[in-house]
Amino acid sequence: MFSSEMIPSQQNHVVTTIETMPPETITSSPTMVQRIRKVFSRELLVTLALGQVLSLLICGIGLTSKYLADDYHANTPVFQSFLNYILLFLVYTTTLAVRQGEENLLAILKRRWWKYMILGLIDIEANYLVIKAYQYTTLTSVQLLDCFTIPVVLLLSWFFLLVRYKAVHFVGVGVCLLGIGLMVGTDVLVGRQQGLGEHKLLGDLLVLGGATLYGISNVCEEFIVKNLSRVEFLGMMGLFGSFFSGIQLAIMEHKELLRVPWDWQIGLLYIGFSACMFGLYSFMPVVIKRSSAASVNLSLLTADLYTLFCGLLLFQYKFSGLYLLSFVIIVLGLVLYTSSSTYVAQDPRIYKQFRNAGHPITDTPTLGPLEPSVTYTSLRQEIEEEPRIRVA
């Protein structure tokens with residue numbers, strides 16, 4: 001294809017071009033500013049901002065719950081969750097009901113109804129256990145043990161989603177947990193109200209159980225929103241969540257609900273709680289799809305600090321500069337975690353059971369051993385440009 005006379009001439013041209021190039025052009029390395037811009041990319045900053053929106057929604061949930069429990073003695077965690085599931089049902093379950101084809105509500109229920117039923121029960125009881133734990137253990141224990149969700153998510157993502165982490169991810173998680181530890185230690189130093197702590201062991205076990213169920217629910221949510229549909233996940237949560245929480249409400253909280261001193265202020269607090277909870281459930285799948293369940297749970301660690309900052313104005317909490325330091329440490333750990341991409345070693349045989357439920361699976365013959373493929377995923381779209389080679 002190429003003549004022998006053409007090749008030497010092209011080689012001479014290439015050599016001449018390289019010799020005339022400035023040395024700094026050949027050996028140039030990225031500057032410090034370029035490295036910072038590469039780490040703090042637009043995708044990373046948007047993901048961090050979205051995670052803090054979720055934290056602010058959780059802050060709203062905590063504040064409204066505190067007002068209901070402390071000022072009006074309305075301890076109704078199941079009823080509050082029931083209102084959220086009803087909103088999910090009205091918005092997302094009805095959306096599935098009017099769809100056509102394979103994304104219709106009946107078609108989804110026919111294929112995998114029992115899996116969403118189990119997931120709905122897990123989600124309900126996770127909320128219930130953590131809220132119930134506040135009656136038995138201290139605030140410090142809840143804040144610390146609730147972080148157990150993070151290792152649960154990491155382990156389940158490793159074994160079931162086949163996510164593989166780098167050393168920087170574990171360092172980022174460690175830094176985030178260090179920030180939470182500093183925040184809890186500051187609570188003790190400033191004498192912030194820690195609760196009565198009666199039956200502390202029972203309360204601690206409830207928190208660990210709720211954190212474990214949260215981790216299972218978050219990993220399942222990540223798989224569904226990335227492989228199936230966000231509307232499908234929320235519609236199924238609305239359907240089974242409203243059904244089972246309604247049963248639990250009728251059995252466990254009907255007397256407590258009758259003792260609530262209803263007025264417009266309590267109604268407004270319930271509306272505010274439901275709005276924040278509905279926003280959290282609707283928005284979290286969007287953030288998880290952009291990132292992962294692990295990074296979202298790391299972002300939510302700042303929610304306690306937002307609640308604290310609001311408490312400085314509303315509940316006359318004592319302020320300490322260590323709170324700001326703990327916030328900076330948590331954000332630094334989150335930046336470390338999200339600054340590097342994870343990768344997924346995806347076996348072609350994985351997820352068949354979920355996605356092909358109700359349909360026979362036929363294994364295609366292979367000529368050799370089936371090896372897993374490796375897919376790299378990242379919060380940032382890292383595209384390395386390869387040098388273009390032109391052949392004249």
Side-chain angles (χ1 to χ4, degrees), residues 57-88 120-146 148-149 187 192-214 217 237 241-281 300 303-304 306-308 310-311 314-317:
L57 289 173
I58 291 182
C59 174
I61 292 170
L63 290 176
T64 52
S65 296
K66 182 174 178 60
Y67 271 117
L68 285 170
D70 293 352
D71 294 355
Y72 299 97
H73 306 288
N75 297 307
T76 56
V78 178
F79 176 67
Q80 291 167 227
S81 297
F82 176 73
L83 293 177
N84 171 58
Y85 290 122
I86 287 295
L87 290 176
L88 293 177
L121 286 171
I122 290 173
D123 192 70
I124 292 170
E125 299 311 318
N127 292 322
Y128 178 77
L129 289 178
V130 173
I131 295 175
K132 192 71 174 176
Y134 282 96
Q135 300 178 17
Y136 300 104
T137 189
T138 62
L139 176 63
T140 301
S141 295
V142 173
Q143 290 174 331
L144 284 175
L145 296 177
D146 195 40
F148 187 67
T149 301
D187 283 343
R192 185 180 167 194
Q193 178 63 35
Q194 300 296 309
L196 298 177
E198 299 178 355
H199 307 290
K200 191 172 184 300
L201 178 60
L202 174 60
D204 292 347
L205 292 176
L206 290 176
V207 178
L208 289 174
T212 303
L213 294 180
Y214 271 134
S217 176
M237 288 299 98
S242 58
F243 177 74
F244 288 112
S245 62
I247 295 175
Q248 190 171 356
L249 173 64
I251 296 174
M252 303 179 63
E253 272 190 10
H254 64 282
K255 293 182 180 179
E256 185 68 32
L257 199 58
L258 294 175
R259 288 196 291 265
V260 174
W262 292 98
D263 60 18
W264 68 271
Q265 292 177 320
I266 292 181
L268 196 61
L269 286 173
Y270 275 115
I271 292 174
F273 175 91
S274 301
C276 291
M277 184 70 84
F278 178 77
L280 177 67
Y281 269 71
L300 297 182
D304 289 331
Y306 290 137
T307 304
L308 170 68
C310 293
L314 301 175
F315 309 117
Q316 287 74 50
Y317 288 162

Practice task
For side chain to side chain contact (heavy atoms under 4.5 Å, CB included), just list the numbers for I131 and Q80, CA-CA rounded to whole Å, side-chain angles, deciding distance to a tenth of an Å, and then say yes or no.
Solution key: CA-CA 11 Å; I131 295 175; Q80 291 167 227; 5.7 Å; no

Practice task
Please lay out, stage by stage, how L88 and N84 fare under the test side chain to side chain contact (heavy atoms under 4.5 Å, CB included).
Solution key: CA-CA 6 Å; L88 293 177; N84 171 58; 3.9 Å; yes

Handout entry: Verdict with reasoning, F273 to L269, per side chain to side chain contact (heavy atoms under 4.5 Å, CB included)
Key = CA-CA 6 Å; F273 175 91; L269 286 173; over 6 Å; no

Practice task
Quick one: do H73 and R259 satisfy side chain to side chain contact (heavy atoms under 4.5 Å, CB included)? Show the steps, please.
Solution key: CA-CA 9 Å; H73 306 288; R259 288 196 291 265; over 6 Å; no

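Atom-to-atom distance recorded for I61:CD1 and S274:OG is 9.5 Å, nearest 0.5 angstrom. Annotation: the span from K132 atom NZ to N75 atom CG amounts to 8.0 Å, rounded to 0.5 Å. Between atom OG1 of residue T76 and atom CE of residue M252 there is a gap of 12.5 Å, rounded to the nearest 0.5 Å. With rounding to the nearest 0.5 angstrom, the CE atom of M277 is 8.5 Å from the CD1 atom of I58.
Closest approach of L129 to G210, counting heavy atoms only: CD1-N, 3.8 Å. What you find for G272 and T64 is that their closest heavy atoms are C-CG2, 4.3 Å. Residues L57 and G279 share a closest heavy-atom pair of CD1-C, 3.7 Å. Heavy atoms only, all atoms of each residue included: S245 and V78 are closest at O-CG1, 3.6 Å. Closest non-hydrogen pair, Y85 versus S242, comes out as CB-N, 3.4 Å. Looking at every heavy atom in both residues, A211 comes nearest to D146 through CB-O, 4.0 Å.
A donor-acceptor contact shorter than 3.5 Å is absent between the side chain of S217 and the backbone of L213. Looking only at distances, a side-chain donor or acceptor of E253 sits under 3.5 Å from a matching main-chain atom of F79. When atom types are taken as modelled, the side chain of N127 and the backbone of D123 share a donor-acceptor pair closer than 3.5 angstrom.
In this structure, I124 and S81 have side chains that are not in contact, with every pair of non-hydrogen atoms separated by 4.5 Å or more. With contacts defined as side-chain heavy-atom distances shorter than 4.5 Å, the pair Y281/L87 does not qualify. At least one side-chain heavy atom of W264 sits less than 4.5 Å from a side-chain heavy atom of L268. Between Y128 and L206, the closest side-chain pair of non-hydrogen atoms is not below 4.5 Å.
For the residue pair Y72 and Q265, a side-chain donor N or O sits within less than 3.5 Å of a side-chain acceptor on the partner.
Few gaps surround CZ on F244; more than 12 heavy atoms of other groups in view lie less than 6.0 Å from it.
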